[in-house]
Undergrad: 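Pasting a structure here, questions to come.
Just so you know, ligand 1 is whichever comes first in the structure, and atom 1 is the first atom listed for that ligand.
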Amino acid sequence: ATVAQVVERVDIYHLLFSCLFLVQPTTKLFIDGKFVDSNTTEWIDIPNPATNEVIGRVPKATQEEMLAAVDSCSRAFSSWSETSILSRQQVFLRYQQLIKDNIKELARLITLEQGKTLADAEGDVFRGLQVVEHACSITSLMLGETLPSITKDMDTHTYRLPIGVCAGIAPFNFPAMIPLWMFPIGMVCGNTYLMKPSERVPGCTMLLAKLLQDAGAPDGTLNIIHGQHAAVNFICDHPAIRAISFVGSNQAGEYIYERGSKNGKRVQSNMGAKNHGVVMPDANKENTLNQLVGAAFGAAGQRCMALSTAIFVGESREWLPELVERSKSLRVNAGDQPGADVGPLISPEAKARVVSLIQSGEEEGARLLLDGRKVHVKGFENGNFVGPTILSNVTPNMTCYKEEIFGPVLVVLEAESLDEAISLINANPYGNGTAIFTNNGATARKFTHDVDVGQIGVNVPIPVPLPMFSFTGSRGSFRGDTNFYGKQGIQFYTQIKTVTTQWKAEDATLTSPAVTMPT
Ligand code: NAD
């Protein structure tokens with residue numbers, strides 16, 4: 001690293017944490033282009049999930065601070081929305097390079113606060129970076145439509161305009177990717193943005209904000225507040241905020257959707273999931289089992305698109321012992337340790353919940369083929385670890401099937417036919433993602449056609465669409481009508497003006513009033 005890069009990094013540290021000599025480094029607010037200390041008296045500890053040592057604290061922003069943040073967004077909107085689209089594009093072109101240059105540091109912060117492995121944390125940044133790269137195509141994405149000669153001498157065209165101050169409320173499980181689904185798309189369209197990261201993992205968002213500032217985003221175009229319910233209610237209620245993007249649990253997402261909508265805001269709410277992977281007997285066994293293990297236990301199952309439920313159709317059930325063997329080979333360890341495959345869960349409470357759901361499965365008649373509850377991680381005995389766990393003979397009435405477990409637990413059901421598997425999936429309230437593993441095109445086509453789920457993989461276990469498409473979770477996994485990123489993301493963050501013009505030649509001037517509806 002050059003001296004400048006080292007100085008920069010130290011600078012970032014100072015911005016992230018108020019003072020290196022404090023026992024608990026303090027996360028700042030980002031208001032009107034400045035990283036500032038909060039005056040609050042209420043703080044939330046940030047523990048390292050691998051050790052449960054407190055590594056920092058995050059403020060619950062005061063009402064005054066939240067008002068200052070939204071006022072800053074409102075003031076910045078008048079100039080940012082009028083800044084040429086080419087200039088806004090330039091900011092995001094510089095931003096994507098800065099994210100690439102700092103990917104290791106962003107990943108380090110993610111692993112420290114969230115727990116996932118460093119390699120997976122880089123993937124988290126990378127998938128967010130792709131959204132920023134896509135945002136750089138804004139000059140094409142924001143094009144309007146034109147239809148000449150609607151009638152004689154009359155043309156119609158539409159154009160997209162920003163809507164004002166927008167806000168994002170993010171979950172803990174993707175500290176980089178999900179905030180990057182939000183403010184880059186909102187801002188490149190000409191909106192200003194108020195971001196509330198998850199109070200459990202604020203560090204990565206703070207560094208992303210610093211990099212955006214370095215990329216040339218003017219003061220006030222992005223503001224960051226921290227907190228929990230009071231901050232969420234503030235966002236739902238403040239009249240200057242025109243749109244809210246939420247990602248997280250159903251409990252919070254349904255509440256925010258209702259409260260925000262009641263206040264006249266656009267709301268898009270991506271929520272919980274129970275994603276089923278259907279294993280057909282004609283599938284490539286080696287590939288399928290490896291994909292299932294990776295998609296069930298990667299990120300310790302804390303992904304909204306984790307393949308947490310497998311349905312083995314017909315004789316594919318004979319592959320279960322091999323699935324168990326492969327799952328056993330994963331290494332459970334702190335995310336920053338070499339070779340770690342499965343990191344800790346986010347909190348002791350999350351671990352206790354996962355453990356109790358495994359127990360409920362046993363009590364309700366499931367077979368525990370692999371039990372990760374007693375996993376021992378040398379040197380990290382206080383971490384929130386649960387090892388890969390597999391429950392088979394699960395039925396839809398069991399608690400472990402009905403609830404989103406959000407941990408490294410794969411629940412296994414069996415079906416006699418593809419139709420039975422599809423019926424099971426369609427009867428489940430969630431509709432985030434699903435996958436089928438098969439070598440038969442007709443089977444795959446029937447599945448993709450008949451299954452009522454928004455994102456489907458054929459031999460692809462985690463079919464999260466790239467940003468030129470949109471994230472199209474459905475049914476119980478989504479509230480709203482316009483999805484995140486892709487064309488729908490641009491639609492969510494813009495409003496349309498439609499202009500109809502008539503330029504008549506002198507000799508075509510109307511000679512009397514036209515009182516009937518024009519046809
Ligand atoms: P969460 O709902 O607990 O928190 C998300 C955000 O909402 C946080 O910023 C938090 O401060 C706020 N919040 C929490 N509880 C609230 C409440 N009762 N009222 C108002 N605000 C509240 O979610 P989480 O635990 O951080 O994330 C895990 C959940 O997110 C899982 O259910 C997962 O499936 C879901 N998720 C969904 C997607 C998707 O795209 N569908 C992506 C990632 C995560």
Undergrad: For the residue pair Ser269 / Arg479, report whether a side-chain donor-acceptor contact shorter than 3.5 Å exists.
TA: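 The criterion, which ignores hydrogens and geometry beyond distance, is not satisfied for Ser269 and Arg479.
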Undergrad: State which residue, out of Arg242, Gln488, Met142, Met182, fulfils the side-chain contact (heavy atoms from CB on, under 4.5 Å) condition with Tyr493.
TA: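 Result: among Arg242, Gln488, Met142, Met182, Met182 is the only option passing the side-chain contact (heavy atoms from CB on, under 4.5 Å) with Tyr493.
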Undergrad: Can you give me every donor-acceptor pair (side chain of residues 116-128, partner residue at least two apart or in another chain, under 3.5 Å) with its distance?
TA:
unit_1	atom_1	unit_2	atom_2	d
Lys116	NZ	Asp124	OD2	2.8
Lys116	NZ	Asn173	O	2.8
Thr117	OG1	Asp120	N	3.2
Asp120	OD1	Arg303	NH2	3.0
Glu122	OE2	Lys104	NZ	2.7
Asp124	OD1	Ala176	N	3.3
Asp124	OD1	Met177	N	2.8
Arg127	NE	Gln130	OE1	3.1
Arg127	NH2	Val464	O	3.1

Undergrad: Just to verify, what does Ala350 make a side chain to side chain contact (heavy atoms under 4.5 Å, CB included) with, not counting sequence neighbours?
TA: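 With neighbours one apart ignored, the set is Leu345, Ile346, Ser347.
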Undergrad: Could you pull out every N or O of ligand 1 that sits under 3.5 Å from a protein N or O, with the distance for each pair?
TA:
unit_1	atom_1	unit_2	atom_2	d
ligand 1	2 (O)	Ser249	N	2.9
ligand 1	2 (O)	Ser249	OG	2.5
ligand 1	9 (O)	Ala170	O	2.8
ligand 1	9 (O)	Lys196	NZ	2.9
ligand 1	11 (O)	Lys196	NZ	3.0
ligand 1	11 (O)	Glu199	OE1	2.7
ligand 1	11 (O)	Glu199	OE2	3.4
ligand 1	18 (N)	His229	NE2	3.3
ligand 1	23 (O)	Ser249	N	3.4
ligand 1	26 (O)	Phe172	N	3.0
ligand 1	30 (O)	Gly248	O	3.3
ligand 1	32 (O)	Glu404	OE1	2.7
ligand 1	34 (O)	Glu404	OE2	2.6
ligand 1	40 (O)	Asn270	ND2	3.1
ligand 1	41 (N)	Met271	N	3.4
ligand 1	41 (N)	Met271	O	2.7

Undergrad: Can you confirm whether Asp452 is buried at CG, in the sense that more than 12 heavy atoms of other residues, nucleotides or ligands lie under 6.0 Å from that atom?
TA: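 Result for CG/Asp452: enclosed.
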Undergrad: For Phe471, check ring pair (Phe, Tyr, Trp, His ring centres under 6.0 Å) against everything at least two apart and list the hits.
TA: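 So Phe471 forms a ring pair (Phe, Tyr, Trp, His ring centres under 6.0 Å) with Trp181.
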